[in-house]
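In this chain, numbering begins with 1 at the start of the sequence shown. Only heavy atoms go into these numbers, but all of them, side chains included; no hydrogens, no water, no symmetry mates.
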Amino acid sequence: MLLAGTMTIELIEIAVAEKSAHPRLTGRVVGRVRAVLQEDQAGREQTHDLSIPVWADVADGSSEADIDMALMLKASDIINRLRASLAG
């Protein structure tokens with residue numbers, strides 16, 4: 001949760017929307033992660049449904065769950081940078 005004055009932003013959902021092997025780079029997966037953020041600013045709530053392009057380098061034989069987790073972690077890093085920039 002981010003607090004900036006009277007504003008809060010909370011991640012309420014995150015999931016891999018799509019993924020595929022990179023067309024040229026072996027071991028790299030590209031995709032999109034859907035993240036839903038709930039913003040509350042001075043008592044006014046707004047939901048933001050984001051589609052975040054991400055990539056991850058994965059080891060040969062990685063499970064689908066491990067690949068999904070790597071992509072969601074990349075998206076989470078992007079969201080955390082957004083929160084940090086909003087916090088000032």
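Salt bridge status for Glu64 with Lys19: present, with a side-chain N to carboxylate O gap under 4.0 Å.
Summarising the geometry, atom CD1 belonging to Ile78 is positioned 6.0 Å from atom CD1 belonging to Ile52; distances are rounded to the nearest 0.5 Å. Going from atom CD of Glu45 over to atom CD of Gln38 covers 4.5 Å, rounded to the nearest 0.5 Å. To the nearest 0.5 Å, atoms CD1 (Ile12) and CD1 (Ile9) are separated by 12.0 Å.
For the pair Trp55/Lys74, a side-chain contact is recorded, criterion being any heavy-atom separation below 4.5 Å from C-beta on. Using a 4.5 Å heavy-atom cutoff, the side chains of Leu71 and Ile67 are in contact. Between Leu37 and Ile79, some side-chain heavy-atom pair lies under the 4.5 Å cut-off. Between Val16 and Met72 the shortest side-chain heavy-atom distance falls below 4.5 Å. Side-chain contact between Ser51 and Arg34: absent, with no pair of heavy atoms (C-beta onward) separated by less than 4.5 Å. Looking at heavy atoms from C-beta onward, Glu39 lies in side-chain contact with His48 at the 4.5 angstrom threshold.
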Problem set entry | Val29/Ser20 under side chain to side chain contact (heavy atoms under 4.5 Å, CB included): CA gap, chis, key distance, verdict | CA-CA 6 Å; Val29 176; Ser20 62; over 6 Å; no
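Both Leu11 and Val54 are members of a single hydrophobic cluster when ILVMFWY side chains are connected at heavy-atom separations under 4.5 Å.
Of all heavy-atom pairs between Ala75 and Ile14, the closest is CB-CD1, 4.2 Å.
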